[in-house]
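Everything on this sheet refers to the single structure shown next.
Chain letters run A, B, ... following the sequence lines, proteins first, then strands; residues in each count from 1.
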Protein chains: 2
Amino acid sequence: MTDRDVDVLSKAPLFEALDEQGAKALRANVAEVRLARGQTLFNEGETGDRLYVVLEGKIKLTRTSPDGRENLLSVLGPGEMFGELSLFDPRPRTASAVAVTECRLAGLGHDDLRPWLTGHPEVAVHLLRALAQRLRRTNDVMADLVFTDVPGRVAKALLDLAERFGQPSDVGLHVHHDLTQEELAQLVGASRETVNKALADFAARGWLRIEARAVVILDVERLRKRSR
Amino acid sequence: MTDRDVDVLSKAPLFEALDEQGAKALRANVAEVRLARGQTLFNEGETGDRLYVVLEGKIKLTRTSPDGRENLLSVLGPGEMFGELSLFDPRPRTASAVAVTECRLAGLGHDDLRPWLTGHPEVAVHLLRALAQRLRRTNDVMADLVFTDVPGRVAKALLDLAERFGQPSDVGLHVHHDLTQEELAQLVGASRETVNKALADFAARGWLRIEARAVVILDVERLRKRSR
DNA sequence: TGAACAGTGTGACGTACGTCCCACCGCGTA
DNA sequence: TACGCGGTGGGACGTACGTCACACTGTTCA
């Protein structure tokens, strides 16, 4: 594990609560996992009690409806944690995890983590806070599904991705989200075609430029306005 | 606090992890709150760090969109907990709590609870599990919003309410949900009119009977099938 | 060099559901 | 008795968005 990895890990809610010594001890238990683009880490319905933190690359969490349609819960980048639900609540996974780009993950098993939860209350409290934040975010997304139209949701999704993966440049805010328009559509709960049209419309207005698996946001303010 | 209240409280995830002695000690800190139908306990945007458990009656959690439209997150009955997000993650409340029926609540403040979180790891772990379950449920609801049509969501909502508030009788499963059709509509993310039509359709098919703020489910199986 | 394929761009068409209406019913209050 | 008022029932109409269809591009693999 590189220094950079250690740095990324320390930003995850799980490690935030630990002092240098504790973090070091916990790090000793992580198993590193590497995935190629498109490779799946685990599938909906499987049992599993491992939690992961993204070290490098991007992972998507997806659900499949009975009739085979897909729904993208979220896209996670470096420092973000997932898979913890099955750890706190021992049930089959309710989502699949698939690599959006080549990526490296830090994995921690139930047995490695349990002593930290029971022996270090600060850790549990930090995790409670992290889950509470997630619940809030999820409720926000739900409200958007009900109240906001597809272009609005696309705008919001882009801004969210920009916040986490965006890189400012002289020409605009470069968001290399690595998602196909199909995946973007699954993320906002719409069809690929309507998402495409929304993007084309934004581009025609000069708010952004479309690139392969990326957009360059030219007018953040307009986009933000459209998202509400 | 009556014996019945003690019984109800003990089913809340917060108390589940405690032994008889611990539960007794924690109960000593609860403040009882009474609300009349329609009365609001707290509002979106307010600060607050109290957690509540419903002792009797029903509470709804609602969010209001910027343009004034309402969204009903959930309806909670006896034994169910709410308001804990602001306790774990100290931010303004993101939903309002309003009494759907006359009701009584047990309230616990941050200061009363903190020692239990840090001193009794089982409590924190139980709460983590409760939040994980909530997150799973919320994700389910989100998937329904994307994939299921309004009648399907209505069917699902009724079955969910039936599971929690339903009382079997000779004629059918009596679900006294205490919600107006408007509230039901806000719960499933649809307009009052379409929910009404869905209900009328179900009734015409003989799957249920509509009553004031209640339904009697006559054919659970058909309704379940329709919900998928 | 071409064939196959994944991803994108765009138009035509159908429909589920929202909005706008109004009628009706029961209930409390003047 | 009449009058509002909150809630329900249900029709007419518009539209956002899904589905289908097809053309176009760039990339990979014979």
Side-chain angles (χ1 to χ4, degrees), chain A residues 36-38 60 65 67-72 98 100-101 143-155 157-158 176-205 208-216 226-227, chain B residues 36-38 60 65 67-72 98 100-101 143-155 157-158 176-205 208-216 226-227:
Chain A
R37 164 166 175 82
K60 63 174 176 181
S65 77
D67 61 330
R69 296 168 58 190
E70 294 231 328
N71 176 13
L72 222 156
V98 178
V100 171
T101 68
D144 286 339
L145 275 179
V146 175
F147 294 128
T148 314
D149 63 3
V150 174
R153 288 179 346 238
V154 171
L158 290 178
H176 216 90
H177 51 65
D178 288 304
L179 302 173
T180 65
Q181 292 185 1
E182 175 70 46
E183 289 170 320
L184 209 51
Q186 291 166 0
L187 180 60
V188 302
S191 73
R192 193 217 100 218
E193 291 91 328
T194 40
V195 168
N196 178 310
K197 280 159 195 168
L199 285 173
D201 181 58
F202 293 163
R205 290 169 191 273
L208 51 78
R209 227 179 49 226
I210 304 174
E211 302 191 348
R213 286 175 194 181
V215 294
V216 183
R226 183 58 181 86
S227 79
Chain B
R37 166 168 175 80
K60 65 175 175 179
S65 76
D67 59 330
R69 296 167 59 188
E70 293 231 328
N71 176 15
L72 223 156
V98 179
V100 171
T101 68
D144 287 339
L145 275 178
V146 175
F147 295 127
T148 314
D149 62 3
V150 174
R153 293 189 328 249
V154 171
L158 290 178
H176 216 90
H177 52 65
D178 288 305
L179 302 172
T180 65
Q181 293 186 357
E182 175 71 46
E183 288 169 322
L184 210 51
Q186 291 166 359
L187 181 60
V188 302
S191 73
R192 194 218 98 216
E193 290 92 328
T194 39
V195 168
N196 178 318
K197 281 157 194 166
L199 286 173
D201 180 59
F202 294 162
R205 290 170 192 273
L208 52 77
R209 226 179 50 228
I210 304 174
E211 301 191 347
R213 285 173 195 184
V215 294
V216 184
R226 183 59 181 83
S227 78

Does any non-hydrogen side-chain atom of [Y] lie less than 4.5 Å from one of [X]?
| X | Y | answer |
| --- | --- | --- |
| B:F202 | B:V215 | no |
| B:V188 | B:L184 | no |
| A:R226 | A:D149 | yes |

Write down the distance between [atom1] ([X]) and [atom2] ([N]), rounded to a whole number of angstrom.
| X | N | atom1 | atom2 | result |
| --- | --- | --- | --- | --- |
| A:E182 | D:dT19 | CD | P | 11 Å |
| B:F147 | D:dG18 | CZ | P | 11 Å |
| B:D67 | C:dG18 | CG | P | 14 Å |
| B:L145 | D:dG18 | CG | C1' | 17 Å |
| B:H177 | D:dG7 | NE2 | P | 13 Å |
| A:R213 | C:dA6 | CZ | P | 12 Å |
| A:L184 | C:dG9 | CG | C1' | 15 Å |
| A:Q186 | D:dG18 | CD | C1' | 15 Å |

Original post:
Under 4.0 Å between a side-chain N or O of B:Q181 and OP1 or OP2 of D:dG9?
Top reply: yes
**OP:** Just jot down the side chain to side chain contact (heavy atoms under 4.5 Å, CB included) partners of A:A203, sequence neighbours excluded, or say none.
**Re:**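 With sequence neighbours excluded, A:A203 shows a side chain to side chain contact (heavy atoms under 4.5 Å, CB included) to A:L208, A:I210, given in chain and number order.
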**OP:** Classify the nucleic acid contact of B:A190 as base, sugar-phosphate or nothing, counting any heavy atom under 4.0 Å across all strands shown.
**Re:** sugar-phosphate
Original post:
Using a cut-off of 4.0 Å on non-hydrogen atoms, how would the nucleic acid contact of B:S191 be classed: base, sugar-phosphate, or nothing?
Top reply: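 Answer is base: heavy atoms of B:S191 come under 4.0 Å of a base.
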**OP:** Using modelled atom types only, decide if a donor and an acceptor are shared between the side chain of B:R37 and the backbone of B:V100 within a distance under 3.5 Å.
**Re:** yes
Original post:
Hey, is the main chain of B:G189 close enough, under 3.5 Å, to the side chain of B:R153 for a donor-acceptor pair?
Top reply: yes
Original post:
Got a sec? Which of residues 192-205 of chain A come in under 4.0 Å of DNA chain C, heavy atoms?
Top reply: A:R192, A:E193, A:N196, A:K197, A:A200
Subject >> Passing candidate, side chain to side chain contact (heavy atoms under 4.5 Å, CB included) with B:L199, options B:D201, B:N196, B:V195 >> reply: B:V195
